[in-house]
Structure formats: structure tokens, C-alpha cells
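Reminder, nothing fancy here: chain letters follow the sequence lines and each chain counts from 1.
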Number of protein chains: 2
Amino acid sequence: MKKRTYNCGLDAAVDVVGGKWKALILWALHREALRFGELKRSVSGISEKMLIQQLREMESYGLVHREVHHQVPPKVEYSLTEFGQSLNTALIPLGDWGEKHMETIEAIPRTR
Amino acid sequence: MKKRTYNCGLDAAVDVVGGKWKALILWALHREALRFGELKRSVSGISEKMLIQQLREMESYGLVHREVHHQVPPKVEYSLTEFGQSLNTALIPLGDWGEKHMETIEAIPRTR
DNA sequence: CTCCATGCTTACGAAAAGGTAGGTACCTGA
DNA sequence: TCAGGTACCTACCTTTTCGTAAGCATGGAG
């Protein structure tokens, strides 16, 4: 999110969903609302810091809805807004592509 | 490209197309092969360093084909492989989404 | 002999992203 | 009184990414 104007839709979309985690979080919320801890377990490898940071951003973008249940211990549920769902839908073909070519992708020699 | 195994296709795809530029370069090559200079003009804002760096990576991933015409001044054409085209196709819905919600996206208040 | 266009390459450093580890607050139940 | 579970927050540091600016090689045109 560094620019204000875009040349094409892909540009804008990449800006929204960019980074290492947002797409995966979106994906995890595809089926159902999840609470923080569930989400953390669902998006394997993510740290708490990253998870919250990304959730906050996505909330501010209007992709994710955050619902606090005032209980003890606390319960906070995250779910997709319609906007978030529409983005998720747009990501499906990409996910399918990744799945289809998984082996090829894993076989790519990495320098980094 | 930091991991070797993925939990879902989206994970893998994001790894391949991740970063600020790859999707845009792919997109630019959608219609026709372009030479270095054309590509640079086509992907607005990109520096030569980034463009080459990304092209080299994408070439090594098998997404892009590089063809040198031995002339003076030099002419190098870049085009999509079938693999690259398939990825591009998978990106179309995302591009459409971005286009459709462009105004919303641009209206998001940015902290960074 | 110098300039030009093209397609790179390199060095340097700033900025952003990401990871680690620790701490906080709340009420509950033992 | 005290540990436990949940959802955070914060400081600090490392890694990765990105941008700027400069330079190089080629052969033809002038």
C-alpha cells in the first residue's frame, strides 16, 4: 500500500493482498469465522505479531470483520466481509493454479 | 521463494508471483513479446535493476522466455511460456477484482 | 574518433517486512 | 493466593526488498 493510483486492476489487487500472509489469512477464513487462536493454528507458520498486524490492516481495508465477545477468557472472532469474500473468490483460480503446478513449483531451484 | 513445501495452492502461487512487480510484468507480456526497453516503458515505475532481476527469476521459474537477437544495438525479446500464460490466466479474476473495486481501494486510508 | 542506442551490471544504502521473546490484562476455578 | 487460558502489545533485531546512480560493451553513423 504505497501508492494511491494504479495503472491496472492487478496493480491495485496486488497492493491489497500483497505480502506473505494476507492471502493465506483470507483463505483460512473462507469457510467460517475463526477466533484468533484458531486462525493462528490454521495459518501455519505465522507469528502472533504478524497475524494481528495483518488482521488489523485487513480490517481497516474492510476485508475482515472483527467481533469481540465479552467473556473471560476473551473471545474474538474474525470473519470475511462481503468485500473480503469477493476478493477470496477472485483468488480461487490462483489457488487452483498453485495446486495444479505444486510439484513444478517445489522443484524450482531457489537461490535465496 | 523461501519455502519448499506448501500447505495449499495459494501458498505456492503467492510464492511464485509474490513481490511488487512479477504480476505486472506477466500482465504486460500478456498480449505480445516485448523487448527490454518496451517492457520498461510498459511497467510504469519499475527500475531497470528490478526489471532485470524479476525477469531473471521468472525465466528461471520457467514463466518467461528470453530470446536474444544478435544485432547492434542489441535486441532482446521476452515472452511468456505456456506456464507463464497459465499463471497469467489465473491472475485475470484478481485483475478484474482490482479494476472493479479500484475506487474503494484507492480510498483506503494508508498509514504507511 | 566520437557519439548513440540498447541491454544490461554493480555498488551502495534506505526502507519495509518479518521474526523472537517477553510482558500485560482479565476473570475463573482450585 | 495463584496458576491458567485467551488475546493481545512492545521492543529489538535480522532479513529481504527496493531505489538511485553510475558504468560497461557493442558496432554503425556521422
Could you give the side-chain donor-acceptor pairs of residues 82-93 of chain A under 3.5 Å, partners two or more places apart or in another chain?
residue, atom, partner, partner atom, Å
A:S86, OG, A:F83, O, 2.6
A:S86, OG, B:W97, NE1, 2.9
A:N88, ND2, A:L26, O, 2.9
A:T89, OG1, A:Q85, O, 2.9

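- Residues satisfying the side-chain contact (heavy atoms from CB on, under 4.5 Å) criterion with B:I52, sequence neighbours excluded, are B:F36, B:R56.
- Non-hydrogen atoms lying under 4.0 Å from DNA chain C are contributed by B:R35, B:F36, B:G37, all within residues 25-40 of chain B.
- Residues forming a side-chain contact (heavy atoms from CB on, under 4.5 Å) with B:H70 (at least two apart in sequence, or on another chain): B:V68.
- In this structure, OH of B:Y78 is placed 11 Å from C1' of C:dT6, rounded to the nearest angstrom.
- Residues forming a side-chain hydrogen bond (donor to acceptor under 3.5 Å, both in side chains) with A:Q53 (at least two apart in sequence, or on another chain): none.
- Listed by chain and residue number, nothing satisfies the side-chain contact (heavy atoms from CB on, under 4.5 Å) test with B:S60 (two or more places apart in sequence, or in another chain).
- Taking only side-chain nitrogens and oxygens, B:R41 never comes nearer than 4.0 Å to OP1 or OP2 of C:dT6.
- Nearer the 5' end of DNA chain D, as judged by each residue's closest nucleotide, is the contact made by A:L55, out of A:L55 and B:G19.
- Pairs passing the salt bridge (charged side-chain N to carboxylate O under 4.0 Å, His left out) check and including a residue from residues 34-46 of chain A, sequence neighbours excluded, read A:K40-A:E48.
- Partners of A:Q71 under the side-chain contact (heavy atoms from CB on, under 4.5 Å) rule, at least two apart in sequence or in another chain, are A:H69, A:K75.
- End-to-end axis angle of the helix from C:dC1-D:dG30 to C:dA30-D:dT1, from C1' rotation axes over five pairs per end: 30° (rounded to 10 degrees).
- Checked against side-chain hydrogen bond (donor to acceptor under 3.5 Å, both in side chains), A:E59 has no partners two or more places apart in sequence or in another chain.
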Item to check | Protein proximity profile, nucleotides 23-30 of chain C - base contact B, sugar-phosphate-only contact S, no contact -, cut-off 4.0 Å on heavy atoms | outcome: ----B---

